[in-house]
Amino acid sequence: QQLSFSDLLQSEVIVPTLLSTVMNEGAKIPLIGCIVQLYLFGITEALQCFLLTVMSYDRYLAICNPLRYSSLMSHRVCVKLIAISWLLSLSFTLVAQIPAATQEFCNQNTINHFFCDYFPLLELSCSDTSLARILTITVSGPVVVFPIILIIGSYICIAHEILKIVSSIGRQKAFSTCSSHLAVVSIFYGSLIGIYVVPTRNQSQTISKLLSLLYTVVTP
């Protein structure tokens, strides 16, 4: 439910601007609106990172510790994990957005993107953005890298457990519980790493937009 809410919030933040940009060959948004959109977008992205990690842990318990699943993944534990995910998302996103919100913007006011993304917004700044870029990569790195390490670790354990299953039907049932989650994780984290963790200055705008489309529209 939390992941669905995050996807819904992301759609409400991004899709209207996307449709307006496509239909009208551009869209207007005030600077404060752009900063707010960027902050809400950052929250949803960070929240999805943490929730996908929680879901991988849930699948790990369901397959590797089925007899203890109810006690290890109780309602109380779920609430705590969701609360921690929200708290981390709000905190990391706020730290990352402060440099963008305090930039000086001059006459250039056209973002070459379909929403107010971080690096395209910094391209409009007439002040030095090197510190903002470094801080963003430093903050977004742990948000993306640490969860994906935990997810990979969970799936290594899951794969090891599935290989122990003798019957092919049992293996298929176990794999089917993880296949959709694994597909979303691959698309979501792959595009995020390509844009925010290891971005390049000469990265094609078309490639950047396509990657953004993957994690803003396709994965939800």
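Numbers for residues simply follow the sequence, beginning at 1.
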Looking at side-chain heavy atoms only, is the closest gap between [X] and [Y] below 4.5 Å?
{"X": "Ile158", "Y": "Cys178", "value": "yes"}
{"X": "Leu40", "Y": "Val36", "value": "yes"}
{"X": "Cys78", "Y": "Met73", "value": "yes"}
{"X": "Leu90", "Y": "Ile43", "value": "yes"}
{"X": "Tyr60", "Y": "Asn65", "value": "yes"}

Kindly compute the distance separating [atom1] ([X]) from [atom2] ([Y]), expressed to the nearest 0.5 Å.
{"X": "Gln48", "Y": "Met55", "atom1": "CD", "atom2": "CE", "answer": "10.0 Å"}
{"X": "Ile162", "Y": "Cys64", "atom1": "CD1", "atom2": "SG", "answer": "8.0 Å"}
{"X": "Ile98", "Y": "Tyr39", "atom1": "CD1", "atom2": "OH", "answer": "9.0 Å"}
{"X": "Ile151", "Y": "Arg59", "atom1": "CD1", "atom2": "CZ", "answer": "10.5 Å"}
{"X": "Tyr69", "Y": "Ser74", "atom1": "OH", "atom2": "OG", "answer": "10.0 Å"}
{"X": "Ser167", "Y": "Lys173", "atom1": "OG", "atom2": "NZ", "answer": "9.0 Å"}

Sequence neighbours excluded, which residues qualify as ring-ring contact (aromatic ring centres under 6.0 Å, His included) partners of Tyr155?
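For Tyr155, the residues satisfying ring-ring contact (aromatic ring centres under 6.0 Å, His included) (neighbours in sequence not counted) are His181.
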
Please name the pair of heavy atoms, one in [X] and one in [Y], separated by the smallest distance, quoted to 0.1 Å.
{"X": "Leu121", "Y": "Leu38", "result": "CD2-CD2, 3.9 Å"}
{"X": "Ser89", "Y": "Thr93", "result": "O-OG1, 2.6 Å"}
{"X": "Ser85", "Y": "Val54", "result": "OG-CG2, 4.0 Å"}

Run the side-chain contact (heavy atoms from CB on, under 4.5 Å) test against [X] and tell me which residues pass, sequence neighbours left out.
{"X": "Leu88", "result": "Phe50, Ile84, Phe92"}
{"X": "Ile152", "result": "Ile148, Ile156"}
{"X": "Ile134", "result": "Thr138"}

[Y] reachable from [X] in the ILVMFWY side-chain graph, under 4.5 Å edges:
{"X": "Leu47", "Y": "Val139", "answer": "no"}
{"X": "Val77", "Y": "Leu52", "answer": "yes"}
{"X": "Val184", "Y": "Ile63", "answer": "yes"}

Sequence neighbours excluded, which residues qualify as disulfide bond (SG atoms under 2.5 Å apart) partners of Cys157?
none

Under the disulfide bond (SG atoms under 2.5 Å apart) test, residues paired with Cys34 that sit two or more places apart
Cys116

Taking atom types as modelled, is there a side-chain donor on Ser125 or Gln103 under 3.5 Å from an acceptor on the other?
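Present: a donor and an acceptor within the cut-off.
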
Would the distance check show the side chain of Ser56 and the main-chain N or O of Thr53 forming a donor-acceptor pair, the cut-off being under 3.5 Å?
yes

Do the side chain of Tyr189 and the main chain of Cys49 share a donor and acceptor less than 3.5 angstrom apart?
yes

Flag yes if more than 12 heavy atoms outside Leu163 fall under 6.0 Å of its CG atom; otherwise flag no.
yes

